[in-house]
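Note that this is a predicted model, so its numbers are computed, not measured. Just so you know, these numbers use all the heavy atoms, side chains as well, and skip hydrogens, waters and symmetry mates. Residue numbers start from 1 in every chain, and the chains themselves are labelled A, B, ... in the order their sequence lines are given, proteins ahead of strands.
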Amino acid sequence: MPRLTARERREAYQREYAFQKKHGKSFFPHAVFHDTIVSLIVVALIMGMAVLWYAQFGPVPEIADAAREGGILGPAYEGKADPGVLRYDPRPEWYFFFLFELLRIFKTPELLIVGSVIIPTIWMVLLIGWPFIDRNPDRRLSRRPVALAVGVMVPIVLLTLTFYGAKAPGAVGEASTAPGAAAFANGACSTCHTFADAGTAGNVGPSLTANAVDYETALNLITNGKGGMPAFSAQYNEDQISCLAGYVATHSGAAAGKEGPEAATAAETYPASCEKAGGEFAGTAAAG
Amino acid sequence: MSTLLPPPGEIAKMPVDWVEERSGLITFGKFMLFRNVPKDISWLQTLGSALITVFILQVTTGILLAMYYQPDPDTAWMTIKFITDEATLGWLVRGMHKWGSSVMVVLLFLHMGRTFLFGAYKYPREMTWITGAIIFILVMGMSFTGYLLVFDERAYWATIVGVNINGTAPILGPALSWILMVGPEISTHTLSRFYALHMLVIPSILGGLIALHMLLVVRLGVTSPPWSRMQVTESDV
Ligand code: HEM
């Protein structure tokens, strides 16, 4: 077959499509019939999910602001959002898991932007610009090896990311008795950070077992947040923040075999803040 | 007496003729219904119309929810609770809206997969693909803004993390998260801003883009499958 110029190809396409249309069938009732059946199935599916969700609701909670439990499709609602509440689960809707997982892969501060901005932007550009990237005029898959490879890779990558993104983070071990450890383990921190001393295995933020963080850095991060790390100044008071910062500074970096840079001074001063903060923050070591 | 009035059939046709004479809508409707499509179109090509159905369902259930919902941090959660626990069939309306969004995302992926498989984004349908890609991104925006509205613990924290992630972009990032949150943290203004985006701004743009997408589909016609055996024969040329 001789190579066609772009113009000839377009004309050939126009001719062929005009032919197919001429010998085609009427949109109504043929296509409309199929469309209606599929739409009805989809509406039935949505109603079915709503009913299944509802059928597994627990009783309406007695306590104000509490969650109403549910079954496999999740709770009717969780507890009312309260910035002061320390327990939480920052997981998004399932179809954002693939983006969420990217953040876990690029969790060090220097690389974070790769997962949070660079890769998603590239994806969006590729998605929108795809008709200009794939210039191959053929539609048959057997003649589109590159498109076929892309078409197989993309779902595999997205499904894998979604699968790992769905795994819940959380606690894996016992918290130590150091002041601040229990507050770290039971609070928000555990969802995002792996920290052997507190027995947590979150993987949104950097591992505090591996990284040694000094007191000032920790204090600043917990108070003001940075990147994927939320600011906690609305949730915790000054004593609580300085207690957590002190705890992190003295116990982080264990895997690297080094203590936090100001471990010695912080170790002397921070238990006082924890004592003042009270509750979970106080720890049991101070007493012993 | 019967000679004074036209027969009933004629009377019934009068309003139709009136509309047709002034707008041409009947001709347009007939064109839409009776235009030809290729003979061998497949079941895979029904996913787009299913998406329109789901969009209409989201708009309808969304409007019903909006009649009870209050975008205020103190009352938002209470109104969701009222809709779910007390309002007649409120659980059904909310459940269909909630699960409709998941089904919509799945259908979007399937529909994109189908057009990819068929090479339906090639000449002359490049613009149809581009409008679709933007619709996809906007639907993700719908879900992101809708998630906060429930204002339970998970909604609150997921949104903080999401906004912080926007904030990591150079230069624009911090500005963007400030614009989304209206300040450094989630407040009354954040919730009403998300609500306005979720039920006014994004859906209107989405509706417009869907209309454009459809205009292109009708104008260009749907592709026949790439395995189509229909070929132009000599006698037709
Ligand atoms: C014009 C159309 C829409 C209107 C007026 C609307 C309105 C609302 C309202 C009032 C709520 C709060 C009630 C609730 O959470 O149950 C809500 C929630 C929500 N919306 Fe929409 N919505 C529309 C379209 C969509 C679309 C197209 C999607 C996504 C595909 C979507 C996704 C969501 C999600 C995920 C929630 C949270 C639902 C939950 O967890 O219960 N909405 N919407």
Flag yes if more than 12 heavy atoms outside [X] fall under 6.0 Å of its [atom1] atom; otherwise flag no.
| X | atom1 | value |
| --- | --- | --- |
| B:M140 | CE | yes |
| A:M47 | CE | no |
| B:Y68 | OH | no |
| A:K25 | NZ | yes |

List the steps, then state whether side chain to side chain contact (heavy atoms under 4.5 Å, CB included) holds for B:S101 with A:Y95.
-> CA-CA 10 Å; B:S101 81; A:Y95 38 77; 3.1 Å; yes
Pick one of side chain, backbone, both or neither for [X], based on which atoms fall under 4.5 Å of a heavy atom in chain B.
| X | result |
| --- | --- |
| A:Y77 | both |
| A:D138 | backbone |
| A:P120 | neither |
| A:I37 | side chain |
| A:V154 | neither |
| A:L73 | both |
| A:L45 | side chain |

For A:R139 and B:P226, indicate whether the former's side chain and the latter's backbone hold a donor-acceptor pair under 3.5 Å.
->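 Absent.
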Quick check: does any side chain N or O of B:N36 sit under 3.5 Å from a backbone N or O of A:K21, one acting as donor and the other as acceptor?
->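 Such a contact is found between B:N36 side chain and A:K21 backbone.
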Considering all heavy atoms, the nearest [X]-[Y] contact:
| X | Y | value |
| --- | --- | --- |
| B:W77 | A:E78 | NE1-O, 2.9 Å |
| A:K80 | B:D74 | NZ-O, 3.1 Å |
| A:A81 | B:D152 | CB-O, 3.5 Å |
| B:V106 | A:W94 | CG2-CH2, 3.6 Å |
| A:S39 | B:A50 | OG-CA, 3.6 Å |

Considering only heavy atoms from C-beta outward, does the side chain of A:L158 approach that of B:F109 to under 4.5 Å?
->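 A side-chain contact exists here, since the closest heavy-atom pair is under 4.5 Å.
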Under a 4.5 Å cut-off applied to non-hydrogen side-chain atoms, are B:P38 and A:Y17 in contact?
->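 Yes; the side chains approach each other to less than 4.5 Å.
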cation_pi(A:R10, B:Y123) dist<6.0 Å, angle<=45 |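 So A:R10 does make the cation-pi contact.
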Between A:E93 and B:S143, is a side chain to side chain contact (heavy atoms under 4.5 Å, CB included) present by the stated rule, with each step listed?
-> CA-CA 8 Å; A:E93 193 71 294; B:S143 310; 5.5 Å; no
Classify the ring geometry between B:W99 and A:W53 as parallel (under 30°), tilted (30 to 60°) or perpendicular (over 60°).
->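 Judged by the thresholds at 30° and 60°, the geometry between B:W99 and A:W53 is perpendicular.
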Is the A:F28 ring parallel, tilted or perpendicular to the B:F34 ring (thresholds 30°, 60°)?
->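 It falls in the perpendicular class, over 60°.
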Using a strict cut-off of less than 4.0 Å between a Lys/Arg side-chain nitrogen and an Asp/Glu carboxylate oxygen, indicate whether B:K122 and A:D134 qualify as a salt bridge.
->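 The answer is yes: the pair qualifies as a salt bridge.
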Are B:D85 and A:R68 ion-paired here, with the side-chain N under 4.0 Å from a carboxylate O?
->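 Answer for the salt bridge query: yes.
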Can B:L51 and A:V42 be said to form a side chain to side chain contact (heavy atoms under 4.5 Å, CB included), step by step?
-> CA-CA 9 Å; B:L51 275 165; A:V42 166; over 6 Å; no
To the nearest 0.5 Å, tell me how far [X] [atom1] sits from [Y] [atom2].
| X | Y | atom1 | atom2 | answer |
| --- | --- | --- | --- | --- |
| A:D35 | B:T46 | CG | OG1 | 6.0 Å |
| A:Q20 | B:I41 | CD | CD1 | 11.5 Å |
| A:I46 | B:L92 | CD1 | CG | 11.0 Å |
| B:I137 | A:L127 | CD1 | CG | 5.5 Å |
| A:F96 | B:F144 | CZ | CZ | 7.0 Å |
| B:W129 | A:F132 | CH2 | CZ | 12.0 Å |

Among all residues two or more places apart in sequence or in another chain, which pass the side chain to side chain contact (heavy atoms under 4.5 Å, CB included) test with A:A66?
->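 Residues passing side chain to side chain contact (heavy atoms under 4.5 Å, CB included) with A:A66: A:P61, A:I63.
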Would you mind checking which part of [X] comes under 4.5 Å of any heavy atom in chain A, side chain (CB onward), backbone (N, CA, C, O), both or neither?
| X | value |
| --- | --- |
| B:L107 | side chain |
| B:V103 | side chain |
| B:L57 | side chain |
| B:P225 | neither |

Quick one: side chains of residues 212-223 of chain B, donor-acceptor pairs under 3.5 Å with protein atoms, not counting sequence neighbours, listed by atom name and distance.
residue : atom : partner : partner atom : Å
B:H213  : ND1  : B:T128  : O            : 3.2
B:H213  : ND1  : B:T131  : OG1          : 3.0

Taking only residues two or more places apart in sequence or in another chain, which ones pass salt bridge (Lys or Arg N to Asp or Glu O under 4.0 Å) with A:R7?
->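 Salt bridge (Lys or Arg N to Asp or Glu O under 4.0 Å) list for A:R7, sorted by chain: A:E11.
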Winner by heavy-atom pair count (cut-off under 4.5 Å) against chain B, out of A:M229, A:H34, A:M49 =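 The residue among A:M229, A:H34, A:M49 with the greatest pair count is A:H34.
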Compute the centroid of each ring, for A:F57 and then for B:W91, and state whether the two points are separated by less than 6.0 Å.
->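 For A:F57 and B:W91, the ring centres are not under 6.0 Å apart.
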A:R140 and B:W227: side chain to side chain contact (heavy atoms under 4.5 Å, CB included), yes or no, with the steps?
-> CA-CA 7 Å; A:R140 273 158 296 184; B:W227 52 82; 5.9 Å; no
Residue-level interface, residues 141-149 of chain A with chain B, non-hydrogen cut-off under 4.5 Å =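 Contacts with chain B: A:L141, A:R144, A:A147.
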Return the option, out of B:M127, B:Q45, B:M78, B:R125, with the maximum number of heavy-atom pairs under 4.5 Å with chain A.
->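 Maximum pair count with chain A is reached by B:R125.
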